[in-house]
> 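Questions regarding the structure given below will be posed in turn.
Numbering of residues begins at 1 and proceeds along the displayed sequence. Owing to the predicted nature of the structure, the values given are computational and were not obtained by experimental measurement.
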Amino acid sequence: MDEDRIETLAVHGGERRPGPEGSVVYPIYQGTVYSVPSGTEYHDLRYIRLNSTPSQSYLHDKLAALEGAEAGLATASGMAAISTALHSVLRSGDHLLVGDCLYGGTHDFLTHHAADFGWSYTFIDPHRPDTWEAARTPRTKAVLVESITNPLVRVGHLPEVAEFARANGLISLIDNTFATPVNFRPLTAGFDLVLHSATKYLNGHSDIVAGAIIGGAEHVERARTTANHFGGSLDPHAGFLLARGLKTLALRVRAQNENALRLAEFLAARPEIEQVNHPGLDSHPDHAHASELFDGFGGMLSIRPAGGVAAAQKLIDALRLPFDAPSLGGVESLITRPAATSHAGMSPQDRLALGVTDDLIRISVGVEAPEDLIDDFDRALAAS
């Protein structure tokens, strides 16, 4: 189904036709025990921890179809996907190049635990290809970046990252959570492995925690073996909900693209807001190359109101529609201060160096009527 558009792939990709007992909706295989044909290799046994039950295989095929990949793997969380993928490509003594603006959980994982595994790493600026070679060492094995960074929504020179990795024999990994395969398919840009916090847009309903590792069959199989040993497998019922959420991914993300851009344009025109970060705005530093790379600019934006932290919290408290909550990617709009939530584990100095100021507000725009969202912010700005 490679020729199908993303809307069709989201519904039909990876589906079994006909399904078990003729079911159009693939059922939940809750069982943990399956009969074993003679001669079956250990990692090919059907077992939940080995990520090989019928429910898991079905979900893996849907994930792969969405990214145009050979294989996919679901994990118990987005951090399980990131940590498993890194463990599958790095050994003790290896070196990693990593984008300098990261999701707080990824940053904390590396800064707190990389040394425990014998890894070293160097932060690189994904916008400065001229600096990457100086950061590479003979021990460098991989490079990790994000398609749209959290929470400043920057867009690096992504095809150049993949090309640099390929030219130097490195494995390239990208966290595509913010962009989703609706807006960007990293494998077509040359990346080896695509990672997702499926908790966010892929599921889209704020009711499960899951992750995904997607790419070439050899890379994903190595990640599956690693996941089998670490045990971060996804529960069958959560996998069922994720597969169900995937079917509406394109519809949701298209609406969130439009809503976020309209809200960003409204806020950029308000004197109460000092800064609006959204790659769809002409004023965004990455707008030009994001326009070439992406089919949409995503549902995320961040802002800094005039008046500092107090003004930021007043605005959050005055809003009626967005929930004050730290996650993102659901059908409902969410708003948070990353310095107090997603990036709280970073030191104040590290946050400030990245531009994650205490008064920065991150907004995950949902699928509400954009007029209602704009009216809500208009009223809240007047009240605060």
> Per the side chain to side chain donor-acceptor pair (under 3.5 Å) rule, what does the pair list look like for residues 74-89, sequence neighbours excluded?
none
> Check the pair Arg17, Glu15 against salt bridge (Lys or Arg N to Asp or Glu O under 4.0 Å), reporting the backbone distance first and the verdict last.
CA-CA 6 Å; Arg17 300 173 73 98; Glu15 293 295 320; over 6 Å; no
> Which pair of non-hydrogen atoms, one from Cys101 and one from Asn150, has the smallest distance, and what is that distance?
SG-O, 4.0 Å
> Please name the pair of heavy atoms, one in Ala212 and one in Leu63, separated by the smallest distance, quoted to 0.1 Å.
CB-CD1, 4.0 Å
> Looking only at non-hydrogen atoms, find the nearest pair between Pro305 and Asp359 and report the distance.
CD-O, 3.6 Å
> So which pairs with a foot in residues 308-330 pass salt bridge (Lys or Arg N to Asp or Glu O under 4.0 Å), sequence neighbours left out?
none
> For Phe294, check side chain to side chain contact (heavy atoms under 4.5 Å, CB included) against everything at least two apart and list the hits.
Ile148, Val155, Leu158, Phe184, Ala290
> With sequence neighbours excluded, what pairs up with His127 under the side-chain hydrogen bond (donor to acceptor under 3.5 Å, both in side chains) test?
Asp125, Arg154, Asp286
> If you take all heavy atoms of Ser364 and Gly329, which pair is closest and at what distance?
OG-N, 2.9 Å
> Just to verify, what does Ser327 make a side-chain hydrogen bond (donor to acceptor under 3.5 Å, both in side chains) with, not counting sequence neighbours?
none
> For a salt bridge (Lys or Arg N to Asp or Glu O under 4.0 Å) check, start with the C-alpha distance between Glu221 and Arg224, then their side-chain angles and the critical distance, and finish with the verdict.
CA-CA 5 Å; Glu221 183 58 25; Arg224 185 175 79 91; 3.0 Å; yes
> Take Arg136 and Glu133, measure what salt bridge (Lys or Arg N to Asp or Glu O under 4.0 Å) needs, and give me the verdict at the end.
CA-CA 5 Å; Arg136 187 174 66 88; Glu133 179 58 32; 2.8 Å; yes
> How are the rings of Phe109 and Trp119 set to each other: parallel, tilted or perpendicular (split at 30° and 60°)?
perpendicular
> Can you spot which of Ile124, Val143, Thr122 makes a side chain to side chain contact (heavy atoms under 4.5 Å, CB included) with Trp132?
Ile124
> Taking it one step at a time, do Arg222 and Glu218 satisfy salt bridge (Lys or Arg N to Asp or Glu O under 4.0 Å)?
CA-CA 6 Å; Arg222 188 180 306 126; Glu218 182 178 348; 3.4 Å; yes
> Give a yes or no on whether Arg379 atom CZ has more than 12 heavy-atom contacts from other residues, nucleotides or ligands under 6.0 Å away.
yes
> Is there a donor-acceptor contact under 3.5 Å linking the side chains of Gln56 and Ser233?
no
> Once side-chain hydrogen bond (donor to acceptor under 3.5 Å, both in side chains) is applied, do any residues pair with Glu67, and if so which ones, sequence neighbours excluded?
Asn176, His196
> Do you know which two heavy atoms are closest between Gly355 and Leu360, and how far apart they sit?
O-CD2, 4.3 Å
> Contact between Arg337 and Val309 at the side-chain level, heavy atoms closer than 4.5 Å - yes or no?
yes
> Could you tell me the separation between the NZ atom of Lys62 and the NZ atom of Lys247, rounded to the nearest 0.5 Å?
5.5 Å
> In terms of the angle between their ring planes, are Tyr121 and Phe123 parallel, tilted or perpendicular, with boundaries placed at 30° and 60°?
perpendicular
> What closest approach, in Å, do Asn228 and His43 show between heavy atoms, and which atom pair accounts for it?
ND2-ND1, 2.9 Å
> State whether a side-chain donor-acceptor pair under 3.5 Å links Asp4 with His12.
no
